[in-house]
Asks: 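Take this structure, written in structure tokens, and hold onto it; I'll ask about it next.
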Amino acid sequence: MTDPRGFLRIPRRPVPPRPVEERLDDWREVYAGQALLPLVSEQALRCMDCGIPFCHSGCPLGNLIPEWNAYASRGDWQAAAERLHATNNFPEFTGRLCPAPCEDACVLAINTDPVTIKNVEQTIADEAWERGYAPPQPPQRLSGRTVAVVGSGPAGLAAAQQLTRTGHTVVVYERDDRLGGLLRYGIPEFKMEKRHLDRRIDQMREEGTKFRTGVDVGGELDAAELRRRHDALIVAVGATERRELPVPGRELFGIHQAMDYLTYANRVQEGDYAAPPVTAEGKHAVIVGGGDTGSDCLGTVLRQGALSAVQLDINPEPGEARPHAQPWPVTHPKVYRISHAHAEARGREGIDPRLFSSATLHFEGDTAGHVRRLCLTEVEPAARSPLPGTERVLPAELVLIALGFSGPEQGSGLMEQLGLSVDGRGNFARGGDFGALPAPPSGRDAAGGRDSPTGADPASGRAGRDGEHPRTEGVFVAGDAGRGQSLVVWAIAEGRAAAAAADRYLTGSTVLPAPIAPWDRPLVA
């Protein structure tokens, strides 16, 4: 165990990012080149090795946090890496991208500063690669079964790696020209350099996973035909149907969906473009949406040289302390948080770039049809209705819509070709073992909510006799496609659980871990 009094004598000290002026001049990671080991090892000593480690409840992966904290505090990076990889296929991703709900569930968070779990996790993962503690793990023998995985985001990659290591022959199909899904084209380089993704994919290739890029399953390749070629199929296409902003002036030039904009910026880093087709350079930029995607856009427009940058958030500004209605440890509290992009935008003046409790009324353009102004209003917090007399106008020459996603992409062909149904949230419906549920007979409602419809067998994940459908037999749904948009830790947990379900379907039993069930959700107030 760690020092039982470490939290009393050692204050919380997160790894400091690079200076703002330095990192705005490049696209390298915020923490690139920072000295981590002495600071992280000392911070790991603050872990109390609680009798009941509530940090586990904050993470769907079930990470063994006190165990790898203890090893990291002693500098035993090999043992720490083994415990970290026991529950997480890609800790170098989560250590960089996850907002760390485990820290909010830390026992110390009751009345003091929690352990810097995220910093420790990233350091262990990076040290594992540097020291050769993350070798490929090819299976000792092959099962003779084949599995197709549609989508190469974190859920698809996690499912593929788990199934490959257990002996199945796995082929991952990705419609983009490169692997990684939103990890590749949605996450900016300054949050995660793509070398980490490439390195992990190389490891998977050495283990035996096969990859096919530029293949549009549901489009040029019939999904039903793909299912017939393989013994099982996992749908992990994410929730990429973007929410729109239906206000007057939306048709003006210069208004773009955030994911298109981020993809262009990432393709510049990949070498596809000398300059992005859409840039914020020399423009007044406004980002509509207060979430992580909006923050990613903010950091990107700053690096492209925007004249100004404002982020609109319809939610009220949260307080500094955990609200009583969001109790520890079961909720990830809505408190005032500053991302690295927000810190960059605040600059020396210290002015937050976000306008809280604000909603867009309409856009105004010039005679050539280009957006020039955004008219907004303050909103009443509960009903989100406009407050009369609070209208104002912002200069806007580039507007990025970052309002999240509403489910799997419509019109992809997957639902029709595989005979899938959707639940009440617009995601692909599935049974208790991640098995896809068939489309109901004409006139019946699709599945909705937590429970499976009549005729579904939750134990097997297959449609029961009353709802049997040959195209959904052996089809599983993992990640945001079945859950809705969520965090990278939930995507990896979904991939691991779906892999266990597919392995059980193929062999009758499984030793693969299933950290979550399809209906599990983080608790929110």
Side-chain angles (χ1 to χ4, degrees), residues 1-15 40-74 79-91 93-125 318-337 483 486-494 496-497 513-517 519-525:
M1 63 181 294
T2 54
D3 184 349
R5 296 180 178 273
F7 71 98
L8 294 173
R9 61 182 182 83
I10 302 172
R12 175 183 167 98
R13 287 181 58 205
V15 174
V40 167
S41 294
E42 181 186 56
Q43 288 297 299
L45 277 171
R46 298 186 70 241
C47 179
M48 296 187 293
D49 192 18
C50 306
I52 300 178
F54 287 97
C55 53
H56 289 189
S57 70
C59 179
L61 286 166
N63 283 332
L64 307 173
I65 295 168
E67 295 186 34
W68 41 258
N69 270 331
Y71 289 122
S73 69
R74 297 195 291 268
E82 289 173 354
R83 304 315 294 151
L84 181 55
H85 282 95
T87 58
N88 188 348
N89 294 73
F90 314 124
F93 303 167
T94 56
R96 288 170 166 82
L97 304 178
C98 182
C102 53
E103 293 190 11
D104 290 308
C106 175
V107 170
L108 290 178
I110 297 175
N111 61 355
T112 187
D113 296 325
V115 176
T116 56
I117 298 172
K118 181 174 178 175
N119 287 166
V120 178
E121 178 181 20
Q122 177 182 335
T123 302
I124 295 172
E320 299 281 353
R322 178 192 286 267
H324 292 298
Q326 300 172 27
W328 174 93
V330 294
T331 58
H332 185 52
K334 296 178 181 177
V335 297
Y336 185 77
R337 303 177 193 270
R483 174 170 297 276
S486 190
L487 303 177
V488 64
V489 284
W490 282 93
I492 296 173
E494 284 253 339
R496 290 170 68 88
I516 58 173
W519 52 76
D520 286 335
R521 293 287 186 275
L523 294 179
V524 295

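Keep in mind the model is a prediction, meaning the values are calculated, not measured. Counting from 1, the numbers follow the sequence of the chain as shown. FYI, side chains are in, hydrogens and waters are out, and symmetry mates aren't considered; it's all heavy atoms of this structure.
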Asks: Kindly compute the distance separating CH2 (Trp490) from SG (Cys98), expressed to the nearest 0.5 Å.
Replies: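 These two atoms lie 11.0 Å from each other.
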
Asks: Check whether Trp68 reaches the backbone of Glu82 with its side chain - one donor and one acceptor, N or O, closer than 3.5 Å.
Replies: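 Flag not set: sc Trp68 to bb Glu82 has no pair under 3.5 Å.
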
Asks: Has Glu42 got a side-chain atom pairing as donor or acceptor with Ile10's backbone, closer than 3.5 angstrom?
Replies: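 Here the side-chain-to-backbone pair does not exist.
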
Asks: When rounded to the nearest 0.5 angstrom, what is the spacing between CG in Asn63 and CD1 in Ile117?
Replies: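 Spacing of CG (Asn63) from CD1 (Ile117) equals 9.5 Å.
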
Asks: Spell out, as yes or no, whether a donor-acceptor pair under 3.5 Å connects the side chain of Gln43 to the backbone of Pro11.
Replies: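 A pair under 3.5 Å: yes.
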
Asks: Determine the sole option in His56, Met48, Arg83 for which the side-chain contact (heavy atoms from CB on, under 4.5 Å) test with Pro66 is passed.
Replies: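 Exactly one pass, corresponding to His56.
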
Asks: Who pairs with Arg74 by salt bridge (charged side-chain N to carboxylate O under 4.0 Å, His left out), at least two apart in sequence or on another chain?
Replies: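 If we apply the salt bridge (charged side-chain N to carboxylate O under 4.0 Å, His left out) test to Arg74, skipping adjacent residues, there are no hits.
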
Asks: So how far is it from Arg322 CZ to Ile110 CD1, rounded to the nearest 0.5 Å?
Replies: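 Going from the CZ atom of Arg322 to the CD1 atom of Ile110 covers 9.5 Å.
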
Asks: Could you check whether Arg46 pairs with Asp113 (Lys NZ or Arg NE/NH1/NH2 to Asp/Glu carboxylate O, under 4.0 Å)?
Replies: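 Judged by the 4.0 Å cut-off on N to carboxylate O distance, Arg46 and Asp113 do not form a salt bridge.
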
Asks: Rounded to the nearest 0.5 Å, how far does CG of Leu61 lie from CG of Leu487?
Replies: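 The CG atom of Leu487 sits 10.5 Å away from the CG atom of Leu61.
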
Asks: Taking all heavy atoms of Asn119 and all of Thr123, pick out the closest pair and write down the distance.
Replies: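 So the two residues come closest at O-OG1, 2.8 Å.
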
Asks: If you measure from CD1 on Ile492 to CZ on Phe90, what distance do you get to the nearest 0.5 Å?
Replies: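 Here the rounded value is 6.0 Å.
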
Asks: Please give me the minimum heavy-atom distance between Cys50 and Val107, naming the atom from each residue.
Replies: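 Heavy atoms only, the tightest pair is SG-CG2, 3.5 Å.
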
Asks: Around atom CZ of Arg337, are there more than 12 heavy atoms from other residues, nucleotides or ligands closer than 6.0 Å?
Replies: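 Yes, the 6.0 Å shell around CZ holds more than 12 heavy atoms from other groups.
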
Asks: In the structure I gave you, are the side-chain heavy atoms of Pro513 and Thr87 within less than 4.5 Å of one another anywhere?
Replies: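 Side chain of Pro513 against side chain of Thr87, heavy atoms only: no contact under 4.5 Å found.
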
Asks: Considering all heavy atoms of both residues, which atom of Glu103 and which atom of Arg12 are nearest to each other, and what is their separation?
Replies: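 Nearest heavy atoms, Glu103 then Arg12: OE1-NH2, 3.1 Å.
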
Asks: What's the spacing between Thr116 OG1 and Gln122 CD if we round to 0.5 Å?
Replies: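 These two atoms lie 11.0 Å from each other.
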
Asks: Using every non-hydrogen atom in the two residues, find where Pro515 and Arg496 come nearest and quote the distance to one decimal.
Replies: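 The pair with the smallest heavy-atom distance is CD-CB, 4.1 Å.
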
Asks: Any side-chain heavy-atom pair from Pro53 and Ile65 closer than 4.5 angstrom?
Replies: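 Counting from C-beta outward, Pro53 and Ile65 never come under 4.5 Å.
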
Asks: For Pro101, is there any backbone N or O sitting under 3.5 Å from a side-chain donor or acceptor partner on Asp104?
Replies: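 No: the side chain of Asp104 does not pair with the backbone of Pro101.
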
Asks: Which pair of non-hydrogen atoms, one from Ala72 and one from Ile124, has the smallest distance, and what is that distance?
Replies: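 Looking at all heavy atoms of both residues, the shortest contact is CB-CD1, 4.1 Å.
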
Asks: What is the minimum heavy-atom distance between Phe54 and Pro329, and which atoms define it?
Replies: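 Minimum heavy-atom contact is CD2-CG, 3.5 Å.
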
